[in-house]
Amino acid sequence: MKKANSEVVIKASAERVWSVVSAFDKYPEWNPFLLSITGNLREGEPLSVKVKMQDKTNLFKVRVTRVSAGREFRWQTGWKGLLRSEHYFSVRKINESKVSFRQGEIFWGVFSFIIGHGLLEQAASNFERMNEALKQRAEAALPPIGN
């Protein structure tokens, strides 16, 4: 199993951060890593995720595996037993006006050895870029973002 993750503290309510991170239709306005996500944020539902990694843009088909409204959601992709990955987003309340936001990717399966250190570092760097953009958006004095 291999992992990459990034965490940031955001000075905003958990509700505010969740409203930003779960409003997929607004991603093109602020997200430098996940350029777009289409589909419904419900367990078992498919999503199409457009990802920008360095100078390449890729489209992934994933399936939502967990949604805990206001706190966490996860999706998985890959080939059972061969190479799977799970991406997760987590909002943890520190107090009424501060949260910790964490995202990461876990890789496993027979071919997980192909996920090298460089790819894990690149993934973590992309997560950091998104987390910082999320922080700016959530902390900005913007009107509430609806789903």
Side-chain angles (χ1 to χ4, degrees), residues 1-78 83-109 112 114-147:
M1 190 178 308
K2 297 189 178 183
K3 301 176 184 181
N5 61 59
S6 177
E7 187 170 3
V8 66
V9 172
I10 301 174
K11 294 177 185 171
S13 70
E15 294 78 16
R16 172 71 180 162
V17 173
W18 182 260
S19 72
V20 174
V21 80
S22 64
F24 296 154
D25 61 323
K26 303 292 185 195
Y27 274 33
E29 296 175 10
W30 65 270
N31 198 323
F33 170 54
L34 300 177
L35 302 180
S36 71
I37 298 178
T38 55
N40 295 310
L41 186 56
R42 286 193 288 264
E43 287 182 23
E45 291 289 316
L47 298 175
S48 292
V49 181
K50 187 185 283 187
V51 176
K52 183 171 184 177
M53 294 177 64
Q54 292 181 332
D55 294 329
K56 289 186 177 181
T57 301
N58 294 302
L59 184 65
F60 294 96
K61 302 293 185 180
V62 303
R63 185 154 310 273
V64 178
T65 56
R66 183 183 307 165
V67 178
S68 180
R71 294 190 352 223
E72 176 186 53
F73 66 92
R74 295 172 177 256
W75 66 58
Q76 286 187 13
T77 191
L83 179 61
R84 302 279 300 167
S85 71
E86 180 176 61
H87 197 98
Y88 62 88
F89 302 87
S90 171
V91 178
R92 185 179 55 82
K93 186 175 175 179
I94 296 171
N95 61 40
E96 293 304 315
S97 60
K98 192 185 294 183
V99 302
S100 168
F101 176 78
R102 184 177 180 99
Q103 76 167 301
E105 189 98 19
I106 303 166
F107 302 91
W108 70 95
S112 63
I114 67 171
I115 308 298
H117 185 69
L119 184 60
L120 294 174
E121 283 183 350
Q122 181 183 355
S125 175
N126 285 318
F127 301 162
E128 287 171 17
R129 287 186 316 121
M130 177 184 157
N131 289 3
E132 284 303 316
L134 171 63
K135 176 182 173 74
Q136 289 179 9
R137 180 121 173 143
E139 290 179 352
L142 297 172
I145 297 174
N147 288 340

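Between E139 and I10, some side-chain heavy-atom pair lies under the 4.5 Å cut-off. The shortest distance between side-chain heavy atoms of N126 and Q122 falls below 4.5 Å. Between V21 and M130, some side-chain heavy-atom pair lies under the 4.5 Å cut-off.
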Chi angles and distances behind the side-chain hydrogen bond (donor to acceptor under 3.5 Å, both in side chains) call for N5, Q103
CA-CA 6 Å; N5 61 59; Q103 76 167 301; over 6 Å; no
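Counting only residues at least two apart or on different chains, no ring-ring contact (aromatic ring centres under 6.0 Å, His included) pair has a member in residues 40-61. Sorted by first then second residue, the side-chain hydrogen bond (donor to acceptor under 3.5 Å, both in side chains) pairs that include residues 29-41, not counting sequence neighbours, are E29-R137.
Of the listed residues (E7, E128, E72), just one forms a salt bridge (Lys or Arg N to Asp or Glu O under 4.0 Å) with R102, and that residue is E7.
Remark: the backbone N or O of V9 is paired with a side-chain donor or acceptor of K135 at under 3.5 angstrom. Judged by distance alone, the side chain of Y88 and the main-chain N or O of I106 form no donor-acceptor pair under 3.5 Å.
Separation of atoms OG1 (T77) and CZ (R63) is listed at 10.0 Å; rounding is to 0.5 Å. For the atom pair CZ (R16) and OG (S97), the distance works out to 14.0 Å, reported to the nearest 0.5 Å. The distance from atom CG of L41 to atom CZ of F89, rounded to the nearest 0.5 Å, is 9.5 Å. Within the model, atoms CZ of F73 and OG of S68 stand 12.0 Å from one another, a figure rounded to the nearest 0.5 Å. Rounding to the nearest 0.5 Å gives a distance of 11.5 Å between CZ of R129 and OG of S6.
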Please tabulate, one pair per line, all N/O donor-acceptor pairs under 3.5 Å involving side-chain atoms of residues 42-52, not counting sequence neighbours.
{"unit_1": "E43", "atom_1": "OE2", "unit_2": "V67", "atom_2": "N", "d": "3.1"}
{"unit_1": "S48", "atom_1": "OG", "unit_2": "K61", "atom_2": "NZ", "d": "2.7"}

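Between F101 and W18, the ring center distance fails the sub-6.0 Å criterion.
Residues passing the side chain to side chain donor-acceptor pair (under 3.5 Å) test with S85, sequence neighbours excluded: E105. Qualifying salt bridge (Lys or Arg N to Asp or Glu O under 4.0 Å) partners for K93, counting only residues two or more places apart in sequence or in other chains: E96. Remark: F127 engages F33, H87 in a ring-ring contact (aromatic ring centres under 6.0 Å, His included) (not counting sequence neighbours).
Listed here is the closest heavy atom pair of A124 and A4: N-CB, 4.2 Å. Of all heavy-atom pairs between V17 and A12, the closest is CG2-CB, 4.1 Å. Between A23 and S19 the shortest heavy-atom distance is CB-O, 3.3 Å.
Of the charged side-chain nitrogens involved, at least one lies within less than 4.0 Å of a carboxylate oxygen, so that R74 and E86 count as a salt-bridged pair.
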